[in-house]
Amino acid sequence: FAGSPSGPLLPSATTTLQPRPTVMRASLGGFLASTFRRKRPSLFLTPSSRAAVTKLLPDAHTGVDQHARTATSLVHAAASSPAPDYESPPPLPPAEAMQESMPIQIVVPTPPRSSLFPNIDGDMFAPETYSSCMLPLNQAKGLPAHCYLSPEWYARELQTIFSKGWTLLGREDELPHVGSYITLDAPGVGPVFVVRSKDLRIRAFANVCRHRGARLLSEEQGRAKSVIVCPYHAWAFGLDGQLRGAPKMRSAGSRSAAVKEGACGHGDACFRKEDYPLVPVRLEQYRGFLFINGGGGEVPPLRDSLGNCPDLILEKWPLDDMVTVGRKDYIVDCNWKFLFDNTSETYHTAVVHKDSLGSMDSRPAGDHLGEAPRGDWDAVWVNTDRSVVPLPGEKAPFPEIARDTFFTNMFPTLQLNVTTDCAWWMRMLPMGPSRTRVTQGFLFPKATTELPHFEDDVKHYMYRWELAVTEDNDISLNQQHGISSAYFTPGPYNELEFATHKFDQWVVQRALGLENEEADFR
């Protein structure tokens, strides 16, 4: 789409949110080096100040030793060297008065949280560590900080959650032609792709060459020709995954008649292309959505994970008939669970979205539907009599396809939102303990996209989606900074954070291998 009320808006783009520092940090050495290099007479080190600096340096955090030595030499040099000629600033008070009125502030780099204050009460992987989180909603408290910061905890999540969980890769309508493909770096699984083969079937493979492990497809989406060629040694694979060509590899077809059957004459078994197909990845579909799973046959089917979600909610929307009208990516420097927690509740909307979406009246989907969720999912029902997408005061111009609005959380990384005229999904994939890739996909019934005014009206929807997710990304980034404090302790849940509470409990149970245990660990 060419534009939006706020400027250009592309269906597929990537935005990187970098940390927004509220305090500029400088090493002790860098601070003093910068100051004394200018030789400005506006800064004085009295003997007592110099003694304080000298006393501070031996206790500085590991990693600033070199800065400390540099700073020490600069202190002595500044104290003994005359200032060079330059245009003098206005006269200043005496040094003694300045020391009292403008004390020097020297910022020493903060050591890592783990060495400063681990804030872990007991074993990180012991159930009792999370007993307060596993209590009922009105008694529970949130996850401890290490669940958002610790590389060890993140490694456990990759092993127990992502390597065995179902991950949305895309939509079937995004693969319209033979050779159309979508790639994904799936956490806990690695690079994968889906492709439409010549027989029109959609297949999933590891995006890795069978020769030396090079990645085959680099673009997120595209269209391959009849074969997929490795960029390293030009091994070529068909769209069905079979190896079609391997330049200069010894093969059974190249041996001479004098060579025994089954050997190439070089002491090794003959190279056979049929022994090196692409590795298939488990793929299942649900009403146009494509899910992959790296856990193999030991993982229950997708339908088990969805539980009763299709019957209670999703079957009421024409998802099979919907088409993707755009995608948008964001890279956010925060833990993936902050983003999932945020999108699971409406407690924040009156504050974070006060100038955009405003407050939202919501309740558990199970209460509204009269049946509790079963499976790896939960949902928030939003009380609204029109599409939830348009901003307050804007009209909803598209035909209605349903009467309700649900924000449906499909653990561990997907939220599928359905409202009266459209649907959209948001996927949160961790790229590390403190970095997440957020992807949104926007869906409308095919008939709606063919309306004459669709392209103009949908720009307002695109603007709203971008505005809301940017505000949510910003506050999640804020949390990542705050939770690194040594003084943080988990706080209680609000009654509107019911879905966040359930998700946090689900993470703990999966990470600790306690899926079948009761939530209360007391």
Side-chain angles (χ1 to χ4, degrees), residues 125 127 147 153-172 175 181-195 201-208 210 241 277-315 319 336-337 340 344 372-379 408-416 425-431 436-437 439 441 499 502-519:
F125 301 114
C147 292
W153 180 264
Y154 174 67
R156 176 65 68 90
E157 289 178 338
L158 291 180
Q159 176 187 5
T160 59
I161 295 176
F162 292 101
S163 68
K164 301 176 181 179
W166 289 99
T167 300
L168 176 69
L169 200 146
R171 288 273 302 175
E172 184 176 350
L175 304 171
Y181 66 81
I182 305 173
T183 67
L184 182 70
D185 287 342
V189 178
V192 298
F193 73 94
V194 292
V195 62
R201 290 180 56 192
I202 297 175
R203 293 176 166 87
F205 301 103
N207 190 13
V208 178
R210 291 296 308 276
L278 294 179
V279 178
V281 174
R282 188 174 174 187
L283 171 69
E284 292 194 22
Q285 304 183 39
Y286 171 73
R287 303 191 65 199
F289 293 95
L290 304 173
F291 291 85
I292 61 100
N293 188 296
E298 64 186 48
V299 176
L302 173 65
R303 184 68 195 219
D304 286 8
S305 182
L306 295 178
N308 59 349
C309 182
D311 295 334
L312 289 183
I313 297 177
L314 300 181
E315 295 297 334
L319 298 175
W336 67 282
K337 294 187 295 297
F340 205 102
S344 299
R374 298 191 309 274
D376 299 324
W377 72 282
D378 197 11
T408 309
N409 304 322
M410 299 178 176
F411 307 148
T413 62
L414 178 66
Q415 183 178 77
L416 175 57
W425 56 266
M426 183 163 73
R427 182 183 64 203
M428 293 142 280
L429 295 183
M431 303 171 69
T436 306
R437 180 183 180 185
T439 304
K502 180 174 179 179
F503 169 68
D504 290 347
Q505 289 186 333
W506 185 91
V507 168
V508 170
Q509 289 175 313
R510 290 301 173 116
L512 302 185
L514 301 172
E515 303 87 306
N516 299 320
E517 300 290 331
E518 292 294 330

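Since the structure is predicted, the reported quantities are computational estimates derived from the model, not experimental observations.
Across every non-hydrogen atom of Cys309 and Met410, the tightest pair is SG-CE, 4.2 Å. Considering all non-hydrogen atoms of both residues, Ala499 and Asn409 come closest at CB-ND2, 3.9 Å. The shortest non-hydrogen separation linking Ser305 to Trp166 is CB-CD1, 4.0 Å. Between Cys147 and Trp153 the shortest heavy-atom distance is O-CD1, 3.3 Å. Residues Thr160 and Ala511 come closest through the heavy atom pair OG1-CA, 3.3 Å. In plain terms, the two heavy atoms of Ala204 and Val194 that are nearest each other are CB-CG1, 3.7 Å.
Annotation: side chain to side chain contact (heavy atoms under 4.5 Å, CB included) contacts of Thr439 (sequence neighbours excluded): Arg327, Asp329, Trp425, Arg427, Arg437. With sequence neighbours left out, Pro310 forms a side chain to side chain contact (heavy atoms under 4.5 Å, CB included) with Tyr286, Arg303, Leu306, Glu315. Applying the side chain to side chain contact (heavy atoms under 4.5 Å, CB included) rule to Val189 yields the partners Ala186, Val192; only residues at least two apart in sequence or on another chain are considered. Scanning for ring pair (Phe, Tyr, Trp, His ring centres under 6.0 Å) contacts around Trp336 gives Phe162, Phe503, with sequence neighbours left out. For Lys164, the side chain to side chain contact (heavy atoms under 4.5 Å, CB included) partners are Glu298, Val299, not counting sequence neighbours. A search for ring pair (Phe, Tyr, Trp, His ring centres under 6.0 Å) contacts involving Tyr181 returns nothing, not counting sequence neighbours.
By the 4.5 Å heavy-atom criterion applied to side chains, Val279 and Val208 are not counted as neighbours. With contacts defined as side-chain heavy-atom distances shorter than 4.5 Å, the pair Leu312/Trp377 qualifies. Counting heavy atoms from C-beta on, the side chains of Glu157 and Pro430 never come closer than 4.5 Å.
Distance check: Leu175 CG to Ile202 CD1 gives 5.0 Å after rounding to the nearest 0.5 Å. The CG atom of Leu169 lies 7.0 Å from the CG atom of Leu290; values are rounded to the nearest 0.5 Å. Interatomic distance, OG1 of Thr408 versus CD1 of Ile313, reported as 4.0 Å (0.5 Å rounding). In this structure, Asp376 CG and Glu515 CD are separated by 9.0 Å, a value rounded to the nearest 0.5 Å. In this structure, Leu168 CG and Thr413 OG1 are separated by 7.5 Å, a value rounded to the nearest 0.5 Å. Taking CG from Asn207 and CG from Asp185, the interatomic distance works out to 7.5 Å, rounded to the nearest 0.5 Å.
A donor-acceptor pair under 3.5 Å is absent between the side-chain atoms of Arg510 and the main chain of Ile161, judged by distance alone. Listed for the Lys502 side chain is no donor-acceptor partner under 3.5 Å among the backbone atoms of Asp378. Between the side chain of Arg210 and the backbone N or O of Pro277, at least one donor-acceptor pair lies under 3.5 Å. Of the possible donor and acceptor atoms, none in the side chain of Asn293 sits under 3.5 Å from a partner among the backbone N and O of Arg282.
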Inset, instruction - Given side-chain contact (heavy atoms from CB on, under 4.5 Å), test Val507 with Phe340 step by step and report yes or no. - result: CA-CA 11 Å; Val507 168; Phe340 205 102; over 6 Å; no
Inset, instruction - Start with the C-alpha gap between Phe289 and Leu302, add the side-chain angles, then the distance that decides, and say whether side-chain contact (heavy atoms from CB on, under 4.5 Å) holds. - result: CA-CA 11 Å; Phe289 293 95; Leu302 173 65; over 6 Å; no
